[in-house]
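Accompanying notes for the structure given below.
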2 protein chains.
Amino acid sequence: MSETLAPLSQSLCFGGVQAVYAHEARETRCRMRFGLFLPPHASAGRVPVVYWLSGLTCTEENFITKAGAQRVAAELGLAIVVPDTSPRGLGFQGEADAYDFGLGAGFYVDATRAPWCDGYRMYSYVTDELPAYVAAHFPVDPERTGIFGHSMGGHGALVIAIRNRERYRSVSAFAPIVSPMRCPWGEKALAGYLGDDRDAWRAYDATALIEDRGYPDRTILVDQGTRDPFVERELKPRLLRDACARAGVALDLRMRDGYDHSYYFIATFIDEHLRFHARALDAGST
Amino acid sequence: MSETLAPLSQSLCFGGVQAVYAHEARETRCRMRFGLFLPPHASAGRVPVVYWLSGLTCTEENFITKAGAQRVAAELGLAIVVPDTSPRGLGFQGEADAYDFGLGAGFYVDATRAPWCDGYRMYSYVTDELPAYVAAHFPVDPERTGIFGHSMGGHGALVIAIRNRERYRSVSAFAPIVSPMRCPWGEKALAGYLGDDRDAWRAYDATALIEDRGYPDRTILVDQGTRDPFVERELKPRLLRDACARAGVALDLRMRDGYDHSYYFIATFIDEHLRFHARALDAGST
């Protein structure tokens, strides 16, 4: 672990430290920011870590300021890493034209179409490069890693966990896009980043991955508000429920009466998600 | 109570409702936004209410998204009202030139100098107009009102509570400007809004008010981080401690080792402040 890495900001919070760091990333060909919360336990040794993937338009800032996760993470001894949602500053034409493609909308894929393939590689960045960087510089235990996220980031968390089950021991999501192949946000993103071959899209579709590979011996936790304005058109939790039922995957899908798509919804139930991950990652033990 | 008032936004949060409203305000001569959290208990009758006053550069948004107050307010049955920090859109020359004067920096005074006197009346807005509006439209109990705030808003809360002890039964603050007469932020604001007669400033200086009137039979709760970059130059908790000691006012001043001036600091200790107010306001009873 390097002792010299300087945070862009850091604040004591519930006895732990909420910081923001930046590093030069190879996959995304630009400087990437990420949030890191280290609980008090991290001063005594490596702690389990959960990666949070944010939704459309977010940066590393939304979750760390709005979710209220630090209180329970400090209690449980969990680190939380929060990457940005796309490369920034590559300057590709059209990059900033829409809220749902390009900047703030990397969709956690490795793009294969030009120009996006030259940096829009958020799948590899989040799955490989960032965890290696974090483990090299901070007291987290890579053997005890979980992942969760919201909306586009819920999609990312599900896809990454299902494809890398040896590396992520737990997964949960708030209001995830469960099948980007079958919703407008997802179809736009997958066509734009990957091209028109829908077979290539299956590697980034949680329901297709469950169909193809299953997800044995673990439970997926999902919270979904019933008054989420995107539930019918974009999120479609029913498709995940059906895929899990067909594949025999344990899904704990909690429909939350009256809740919407906001961080107020996330804050309300973040506690339960953190405890879910802590149990799977043996948080509190060493 | 009007049933027709439409919120600009509202979200279910911890079983209560976090909303933002706007209304045409007389004192500030413009449309003012405010945040309102109503706990689940509000569906059964009037609940006690705490006013939160924010610091420099803030709007009604900062506290409601970052402080994590809803969880405990929902548990305790407390409503929280969060006004903006200045009028918006009056278009006075120089209004937007500095972060510490004009927009976002009303300092909770009634300005007497032109042009500011024509709308920069946040003292009367927060103390009279907004509470009357809130009590007329929402299920809060004006007989059980407390007030708290941060930095410039901590100053506002202390001043308003000391000058209106019959109306505010409890007061607390995070990192308050305790004596605007004796710090750069305060001197600039008071001179700009009130002119050079320093005697007129005393009505807006918590330590001077304590000297002049005391604050008997109640405890003031203040949290202050030791690594707050503004503590020596602007906040000066020592001046409040000394004024309270001389006047026999009960001050519970908690110096928090390693904490800074941010909402991460506020979030860490908001729970204790809400419980302090709930006790004083008999929250949970009817």
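Of the two parts of A/Ile64, the backbone and the side chain both hold a non-hydrogen atom closer than 4.5 Å to a non-hydrogen atom of chain B. Both the backbone and the side chain of B/Thr65 come within contact range of chain A, judged by heavy atoms closer than 4.5 Å. With a 4.5 Å cut-off on non-hydrogen atoms, A/Asp271 does not touch chain B at all.
Taking SG of B/Cys13 as the reference point, atom CZ of A/Phe269 lies at 9.5 Å (rounded to 0.5 Å). Rounding to the nearest 0.5 angstrom, the gap separating the CD atom in B/Gln70 from the OG1 atom in A/Thr268 is 8.0 Å. Atom OG in B/Ser11 sits 11.5 Å away from atom NE2 in A/His261 (nearest 0.5 Å).
In the displayed structure, B/Arg275 atom CZ is contacted under 6.0 Å by more than 12 heavy atoms of other residues, nucleotides or ligands. Atom CZ of B/Arg254 sits in a crowded spot, with more than 12 heavy atoms from other residues, nucleotides or ligands closer than 6.0 Å. Within a 6.0 Å sphere centred on CD of B/Glu232, other residues, nucleotides and ligands contribute 12 heavy atoms or fewer. Other residues, nucleotides and ligands contribute over 12 non-hydrogen atoms within 6.0 Å of the CZ atom of B/Arg256.
Listed here is the closest heavy atom pair of A/Tyr259 and B/Phe14: OH-N, 3.5 Å. Residues B/Leu12 and A/Asp257 approach most closely at CD2-O, 3.4 Å, considering heavy atoms.
Chain B forms more heavy-atom pairs under 4.5 Å with one residue of A/Gln18, A/Arg71, A/Lys66 than with any other, namely A/Arg71. Between chain A and the options B/Gly258, B/Gly225, B/Gly68, the largest number of non-hydrogen pairs under 4.5 Å is found for B/Gly258.
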